[in-house]
2 protein chains.
Amino acid sequence: MHPTFEHHDHSHCCGDSLTRAEALMAERGARLTPVRRRVLELLLESHRALGAYDVLERLSAEGFGNQPPVAYRALDFLVEQGLAHRIQRLNAFTACMHAGEAHAPAFLICRACDTVAEAPVAPVRAALDTAAAELGFVVERASIEALGLCPNCQGAA
Amino acid sequence: MHPTFEHHDHSHCCGDSLTRAEALMAERGARLTPVRRRVLELLLESHRALGAYDVLERLSAEGFGNQPPVAYRALDFLVEQGLAHRIQRLNAFTACMHAGEAHAPAFLICRACDTVAEAPVAPVRAALDTAAAELGFVVERASIEALGLCPNCQGAA
DNA sequence: TCTTGACGTGTTATGATATTACATACTAGA
DNA sequence: TCTAGTATGTAATATCATAACACGTCAAGA
């Protein structure tokens, strides 16, 4: 079973990701400021996708600014840096579980518990590139988002 | 090259789709009312994705209601009936080019000219199902949207 | 024929998501 | 220390979407 769906030491997996993020940012000369860092933590703490206004609410409760751009800017930064992804279908954001590794993401969204996981996407992307190439279309970026049931919720349903 | 990207007899391709839509609706006992029909025409006339408010603007100019639900209801109906698709990435809608044939869609969106085409998706979907199954996840619906350059715009760029 | 219920449309109001523009403050490097 | 670039705070507004209710039409059945 995928780590995201398994019971796991959550604080540990968050800590790891955070450490990796800091290393990456240092390497690139990008700044993981307090707001940005806090937003990343919020995303990491839940394996679900959070809306910009969810994030904003928490930020503002913690003394950061309380206007939408505060949340959107931090989220946009994280997405640009590959530390988070935007889930189009949900108008929401998740922490990236494979920051640093170049990867185009495919997301598995559980419609019961809202957990979001990243699936290995290489074969999917290859199939898409092929299908597109046959029409003469060159794919630059793809969003692949699947809605369904995660292993934990299949039993429940 | 894919028909969508090729110079083609547009009024003819629209007429075909409209005829097919009417046949389908009759068969199902669903009603393709004037608003709904007009919205479908609008989507067919452009091979691009139209936002709900774009559609609304035209409707209202033609004497239909001028409030958002008028457009959203017609669009939702068309999507439910498989006559149109929603493009998550663009918050917009396109006419379906394969109404009646059961199909999960993959969309190719040209970032230069905004044309949207549907690509054959079976292999892509199979790869996605496989990747998901390895994590124990069951895919019910998937949105696959690719951003890139269509054949016509590759030369220009 | 009248009634009734389902459906479609119109309209008001509001909610949810996202951006522009500008002011202020911090930070790194010359 | 100065300065240029970057980051943050805030107000205002744009864009996308839905809830709730009123009215009209039409067909099925009493």
Side-chain angles (χ1 to χ4, degrees), chain A residues 21-22 25-43 48-81 83-94 114 143 145, chain B residues 21-22 25-26 28-43 48-81 83-94 109 114 143 145:
Chain A
E22 276 166 350
M25 293 304 93
E27 192 179 303
R28 291 183 197 162
R31 293 164 55 195
L32 194 61
T33 60
V35 207
R36 291 168 177 176
R37 189 195 158 95
R38 187 66 191 119
V39 172
L40 180 55
E41 283 172 9
L42 288 170
L43 294 180
R48 308 191 308 105
L50 296 181
Y53 281 73
D54 296 336
V55 169
L56 179 58
E57 196 176 336
R58 307 241 212 157
L59 288 179
S60 121
E62 295 175 18
F64 296 99
N66 64 352
Q67 296 301 312
V70 172
Y72 281 104
R73 282 195 289 235
L75 289 165
D76 289 349
F77 171 86
L78 295 173
V79 169
E80 268 164 31
Q81 296 295 326
L83 301 177
H85 297 293
R86 175 175 211 132
I87 313 289
Q88 308 281 350
R89 185 158 204 121
L90 305 176
N91 291 324
F93 301 81
T94 48
D114 285 337
S143 21
E145 301 176 359
Chain B
E22 275 165 351
M25 293 304 92
R28 292 181 195 163
R31 293 165 57 194
L32 194 62
T33 60
V35 207
R36 291 168 177 176
R37 188 195 159 96
R38 187 66 190 118
V39 172
L40 181 55
E41 284 172 9
L42 289 170
L43 294 180
R48 306 191 308 107
L50 296 181
Y53 282 72
D54 296 335
V55 169
L56 179 57
E57 196 177 337
R58 308 240 211 156
L59 288 179
S60 122
E62 294 175 18
F64 295 99
N66 63 350
Q67 297 302 311
V70 172
Y72 280 104
R73 282 196 289 235
L75 290 165
D76 289 348
F77 170 87
L78 295 174
V79 169
E80 268 163 32
Q81 296 295 326
L83 300 177
H85 296 293
R86 175 176 209 130
I87 312 289
Q88 308 280 351
R89 186 162 203 119
L90 304 176
N91 291 325
F93 302 81
T94 47
I109 308 163
D114 285 336
S143 21
E145 301 176 0

Side chain of Y72(A): nearest nucleotide among dA7(D), dT10(D), dT19(C)?
->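 That would be dT19(C).
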Nearest to the side chain of P69(A), which nucleotide is it out of dT18(D), dT19(C), dT8(D)?
->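 Minimum distance to the P69(A) side chain belongs to dT19(C).
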Sequence neighbours excluded - side chain to side chain donor-acceptor pair (under 3.5 Å) pairs with any residue from residues 66-80 of chain B =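 Residue pairs with at least one partner in residues 66-80 of chain B: there are none.
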Polar side-chain contact Y53(B)-dA14(D) base: donor and acceptor under 3.5 Å =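 There is none.
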If I take atom [atom1] in residue [X] and atom [atom2] in nucleotide [N], what distance separates them, rounded to the nearest angstrom?
| X | N | atom1 | atom2 | result |
| --- | --- | --- | --- | --- |
| R31(B) | dC26(D) | CZ | P | 8 Å |
| D76(B) | dA19(D) | CG | P | 10 Å |
| L32(B) | dG8(C) | CG | P | 11 Å |
| L56(A) | dG15(C) | CG | C1' | 16 Å |
| R36(A) | dG9(D) | CZ | P | 11 Å |
| L50(A) | dT17(C) | CG | P | 12 Å |
| L90(A) | dA17(D) | CG | C1' | 16 Å |
| M25(A) | dT6(D) | CE | C1' | 16 Å |

Closest non-hydrogen atom pair between A92(A) and G51(A), with its separation =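 Closest approach of A92(A) to G51(A), heavy atoms only: CB-N, 4.0 Å.
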What's the shortest heavy-atom distance between L32(B) and L78(B), and which atoms?
->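 The pair with the smallest heavy-atom distance is CD1-CD2, 4.4 Å.
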Ignoring hydrogens and geometry, is there a side-chain-to-backbone donor-acceptor pair from Q88(B) to S143(B) under 3.5 Å?
->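 Pair absent, no side-chain N/O of Q88(B) close to backbone of S143(B).
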Minimum side-chain heavy-atom gap L59(B)-R38(B) below 4.5 Å |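 Yes - at least one pair of side-chain heavy atoms lies under 4.5 Å apart.
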Toward the 5' end of DNA chain C, by each residue's nearest nucleotide, P34(B) or R86(A) =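 Closer to the 5' end of DNA chain C: P34(B).
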Contact class for R73(A) (heavy atom, under 4.0 Å): base, sugar-phosphate, or nothing?
->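 Base contact.
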For V70(B), which of V55(B), V35(B), L75(B) qualifies under side-chain contact (heavy atoms from CB on, under 4.5 Å)?
->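 By the side-chain contact (heavy atoms from CB on, under 4.5 Å) criterion, V70(B) pairs with just one of V55(B), V35(B), L75(B): V35(B).
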Close approaches to DNA chain D from residues 57-67 of chain A, in residue order (heavy atom, under 4.0 Å) =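 DNA chain D contact set from residues 57-67 of chain A: G65(A), N66(A), Q67(A).
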5'-most contact on DNA chain D: N91(B) or P68(A), nearest heavy atom basis?
->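 Closest to the 5' end, via its nearest nucleotide, is P68(A).
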Are T94(B) and R48(B) linked by a side-chain donor-acceptor pair shorter than 3.5 Å?
->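 Result is no, nothing qualifies.
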